[in-house]
Visitor: 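Sharing a structure, written as C-alpha cells. Questions coming.
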Amino acid sequence: MSWQEIMQNWLDYKELDPELKQQLLKLKENTDSAQEAFYAPMEFGTAGMRGLIGPGINRMNIYTVRQAAEGLAAFMDTLDDETKKRGVAISYDSRYYSQEFAFESAKVLGAHGIHSYVFDSLRPTPELSFAVRTLHTYAGIMITASHNPKEYNGFKIYGPDGGQMPPVESDNITKFVRKVSDLFAIETKTIIELRDEKLMSLIGEDVDLDYLDKLDTVVVNHKLIEEVSNKMKFVYTPLHGTGKMIAPRIFQKLGFQNFTMVTEQAILDPEFPTTPAPNPEFAQTFDLAIEKGKKIGANILIATDPDADRLGAAVRQPDGSYKLMTGNQIASVLLNYLLSAKKELGTLPANGAVAKSIVSSELATKIAEKYDVKMFDVLTGFKYIAEKIEEFEETGSYEFLFGFEESYGYLVKPFVRDKDAMQSTILLAEAAAYYEAKGKTIYDALEDLYQEFGYYREKTVSKTFAGISGKEQMKQIMEKFHEEGIKEVNGVKVIESIDYLKDTDTTAEGTKETGLPKADAMKFILEDNTWIAIRPSGTEPKMKFYVGITSDSDDHAAEKLADFAKVIESWE
C-alpha cells in the first residue's frame with residue numbers, strides 16, 4: 001500500500017481523533033511532509049521509539065503509541081501467568097500528550113489483562129527504572145523524548161531489571177509491534193473499566209519516599225555535608241521538566257539550605273519557552289541560571305533535562321563568571337571524588353568496577369587505574385552499562401561503583417539501571433562541598449586532574465540528515481567507513497581500527513574480536529593517542545563523529561582538538 005493510500009485510510013476513518021484530523025487536513029497540503037509521515041512505520045528498536053508528534057504511521061500519536069503498547073502486551077501474553085501478572089510500571093514527562101500517551105498505554109495493556117502501575121503525575125525516567133525494580137513489575141514504559149525539542153515525544157520500554165529492555169526481548173516485542181497491521185483496530189479498555197477491574201493502580205508518593213531513601217545512600221560522607229552545607233549556594237533548573245518533582249526534596253533532605261530554583265524554568269511547560277531545546281549540554285540552557293547565580297553568588301549551577309536522566313553543570317570562577325563543564329569533565333570529577341572519598345573512608349572495594357561508553361573520555365580510565373579499579377568500555381547506550389551491572393551481580397566478579405556516557409548521563413548506585421540525574425545531583429553537590437572545604441571549586445579539581453594525567457579534551461560533531469533521504473545517506477556513509485576505514489587524520493597515522501559491526505579490532509599485529517555486541521559503529525586510534533569514533537544516532541536523524549585528544553598543556557589541547565574537529569567537519 002502506498003503512503004497516499006495509507007493517508008487516505010486515516011482521512012476516511014470516521015472515529016479519528018478530532019485534533020489529529022485537523023492536523024492531518026493541514027498536513028496533506030504539504031506533499032513532502034505528508035510522505036514522510038506515512039511512507040513507513042516508526043522505527044522501533046532497543047530503546048523503543050522517538051519522533052515528531054502528529055498524524056501518521058511515522059509520527060508519535062495515540063495510534064502509534066497503542067501499537068507499541070500492543071506489541072509489548074502481545075509479547076507478555078507469551079509469558080507464564082506469574083510473570084505476566086507482575087504488570088508494567090508507567091511514567092511520563094512534561095511534553096505534549098505525555099500523560100495521554102501514558103494512559104493510552106495502560107488502556108491497551110488492560111485489554112490484555114495486564115496490570116499497570118501509573119504515576120499520578122510526571123516523574124523522572126530514573127524513578128520509573130526504580131519503580132520497575134521496587135514494584136517487581138515485568139516491564140516499564142516511559143513516555144519521553146528526553147532532551148529533544150518540543151515537537152518530539154517518545155516511548156521507551158524497560159525490562160525486569162529496570163534497564164532498557166534487553167536486545168532479545170526487544171527484538172521479539174518489535175516483531176509483535178510490526179504484526180499490528182490496523183492501528184485503528186487495537187482493543188482498549190476505558191480508565192473506569194481498568195479501575196473497576198483492578199487492572200490499574202496509581203502510584204506516586206509511596207514510590208517517591210522509597211526512591212528518596214535510596215538516593216540518600218548515594219552520599220559517601222554525610223559528616224562532610226553537615227559541616228559545609230550552609231556555606232554552599234546552588235542554583236538548579238529542571239528545564240520545565242520532571243526534576244522539579246524530586247530535586248528540591250533531595251537538597252532539603254541532605255541539609256543544603258541555600259538552594260534556589262530558576263522559577264521561570266520550574267514551570268512544567270511543554271513549549272520549553274526559555275530555551276531552543278531543553279538540553280543541559282547547550283550553553284544557552286544556562287542563561288537564566290547564570291543570571292540567578294550571579295545575583296546570589298552561587299557556587300554551582302545544575303540543570304537536568306525534562307525527564308531528569310541527564311545533568312549539566314556550570315561552576316563559578318574567581319571573577320564571578322561561570323564556566324560550563326562537559327559531560328566528560330563532570331564524570332571525571334565525580335569519579336575521582338567518589339573513589340578518593342571511598343579510599344579515605346576505607347570503603348573502596350578490592351573488586352571495584354566502572355563502566356563507560358566507547359565514545360567517552362579516556363581520562364576516566366586513568367583515574368580508575370590510579371585507584372586499582374577496573375574500567376569496562378561498552379557500546380553507546382546505557383542499557384549496556386545496565387547489562388554489566390547485572391553481570392557483576394550474577395557472577396560476583398566486581399562491585400559496580402560508577403557508570404557514565406559523555407552525553408551527560410551518570411549512575412552511582414545500581415538501584416536504578418539507567419542514567420540518573422538525581423543521583424548525579426547528590427554526588428556533584430557533595431563533591432562541591434568537599435572542594436569548598438579545601439578552598440577549591442569543582443573546576444579547580446578538574447584542573448588538578450589535568451595536571452596529574454594530562455589535558456584531555458573531547459568533542460562531538462553532529463551532522464543532521466533529515467527526511468526520507470537522510471536515512472539512506474547515513475547508511476551509505478557508514479557503509480563507506482566500514483569498507484574503506486581511515487588510514488590517517490590530520491597527518492597522524494591510524495594504528496588501530498575497531499569495527500563493531502564486523503566485530504573486528506585490527507592493529508599491525510593482527511585482528512581480534514571486540515568482545516562487544518555488534519553495532520553500527522567504528523573507532524580509530526591514532527599514533528598520538530587521539531581517538532575518533534563514528535556512529536549514526538539511535539534517537540535522532542544525525543551522524544555523530546567523536547574525537548578525543550590528550551596534550552601536555554591547556555592551550556595546545558584546545559588547538560589540537562580544534563584542528564581535528566575541523567578535519568572531521570569537512571568529511572562527507
Side-chain angles (χ1 to χ4, degrees), residues 43 45 147-149 277 279 281-283 326-329 356-363 377-381 405-408 455-508 511 514 516 518-551 555-572:
E43 291 188 2
H147 56 288
N148 284 74
N279 190 335
E281 69 181 276
F282 293 160
T326 68
N328 281 316
Q329 290 173 334
K356 71 176 183 66
S357 68
I358 57 173
V359 298
S360 298
S361 177
E362 289 303 314
L363 176 56
D377 282 340
V378 300
L379 294 175
T380 303
E405 293 183 323
E406 47 74 40
S407 53
Y408 297 74
Y455 286 80
Y456 286 75
R457 292 285 189 276
E458 299 83 23
K459 185 173 182 178
T460 302
V461 176
S462 295
K463 297 186 178 183
T464 300
F465 295 86
I468 299 172
S469 62
K471 293 179 182 179
E472 184 58 32
Q473 285 180 278
M474 289 195 291
K475 180 181 177 183
Q476 291 174 3
I477 290 170
M478 286 307 301
E479 285 178 350
K480 182 178 179 181
F481 279 114
H482 286 300
E483 290 173 9
E484 301 177 8
I486 301 174
K487 300 296 185 289
E488 61 86 27
V489 184
N490 201 31
V492 184
K493 182 182 178 182
V494 172
I495 59 171
E496 183 176 5
S497 298
I498 308 171
D499 189 322
Y500 297 99
L501 188 62
K502 296 179 181 178
D503 191 24
T504 57
D505 183 346
T506 304
T507 64
T511 298
T514 66
L516 297 176
K518 289 187 176 183
D520 191 12
M522 298 195 71
K523 189 172 184 178
F524 303 94
I525 315 298
L526 281 57
E527 60 184 357
D528 68 347
N529 289 324
T530 296
W531 59 267
I532 294 169
I534 306 163
R535 57 178 281 270
S537 171
T539 57
E540 300 171 286
K542 293 180 179 181
M543 283 286 298
K544 292 196 171 185
F545 301 82
Y546 307 81
V547 57
I549 63 95
T550 182
S551 181
D555 289 343
H556 184 252
E559 180 183 345
K560 185 176 178 180
L561 182 65
D563 288 343
F564 275 102
K566 187 176 181 180
V567 172
I568 292 171
E569 286 166 359
S570 70
W571 287 352
E572 295 181 356

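Values reported hereafter were calculated over all heavy atoms of this structure, with side chains retained and with hydrogens, waters and symmetry mates removed. Residues take their numbers from the sequence shown, with the count starting at 1.
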Visitor: Restricting to non-hydrogen atoms, name the atom on Val489 and the atom on Phe564 that form the minimum distance, rounded to 0.1 Å.
Guide: O-CE2, 3.6 Å
Visitor: Looking at OG1 of Thr380 and CG of Asp520, how far apart are the two atoms once the value is rounded to the nearest 0.5 Å?
Guide: 11.5 Å
Visitor: Scan the side chains in residues 492-499 for donor-acceptor partners under 3.5 Å anywhere in the protein, sequence neighbours excluded, and list what turns up.
Guide:
| unit_1 | atom_1 | unit_2 | atom_2 | d |
| --- | --- | --- | --- | --- |
| Asp499 | OD1 | His482 | ND1 | 3.1 |
| Asp499 | OD1 | Leu501 | N | 3.0 |
| Asp499 | OD1 | Lys502 | N | 3.0 |
| Asp499 | OD2 | His482 | ND1 | 2.8 |

Visitor: For Phe545, is the NZ or CZ atom of Lys463 found under 6.0 angstrom from the centre of its six-membered ring and inside 45 degrees of the ring axis?
Guide: yes
Visitor: Does a side chain donor of either Thr514 or Asp503 reach within less than 3.5 Å of an acceptor in the other side chain?
Guide: yes
Visitor: Would you list the pairs meeting ring-ring contact (aromatic ring centres under 6.0 Å, His included) in which at least one residue belongs to residues 459-481, sequence neighbours left out?
Guide: Phe481-Trp571
Visitor: Holding to salt bridge (Lys or Arg N to Asp or Glu O under 4.0 Å), I want the full list of residues that pass it with Asp377, two or more places apart in sequence or in another chain.
Guide: Lys356
Visitor: Could you tell me which non-hydrogen atom of Ser357 sits nearest to which non-hydrogen atom of Ser360, and how far apart they are?
Guide: OG-OG, 2.6 Å
Visitor: Which of these passes side-chain contact (heavy atoms from CB on, under 4.5 Å) with Tyr456: Asn328, Thr550, Ile549?
Guide: Thr550
Visitor: Considering residues at least two apart in sequence or located in another chain, which fulfil the side chain to side chain donor-acceptor pair (under 3.5 Å) criterion with Glu484?
Guide: none
Visitor: Check residues 525-536 and write down every donor-acceptor pair under 3.5 Å in which the side-chain atom is one partner and the other belongs to a residue at least two apart or another chain.
Guide:
| unit_1 | atom_1 | unit_2 | atom_2 | d |
| --- | --- | --- | --- | --- |
| Asp528 | OD1 | Thr530 | N | 3.0 |
| Asp528 | OD1 | Thr530 | OG1 | 2.9 |
| Asp528 | OD2 | Thr530 | OG1 | 3.2 |
| Asp528 | OD2 | Lys560 | NZ | 3.2 |
| Arg535 | NH1 | Tyr546 | OH | 2.7 |

Visitor: Is the shortest heavy-atom distance from the side chain of Leu516 to the side chain of Ile358 under 4.5 Å?
Guide: yes
Visitor: Run the salt bridge (Lys or Arg N to Asp or Glu O under 4.0 Å) test against Lys475 and tell me which residues pass, sequence neighbours left out.
Guide: none
Visitor: For Lys459 and Ala565, indicate whether the former's side chain and the latter's backbone hold a donor-acceptor pair under 3.5 Å.
Guide: no
Visitor: May I ask you to test the Glu406-Glu281 pair for a side-chain heavy-atom distance under 4.5 Å?
Guide: no
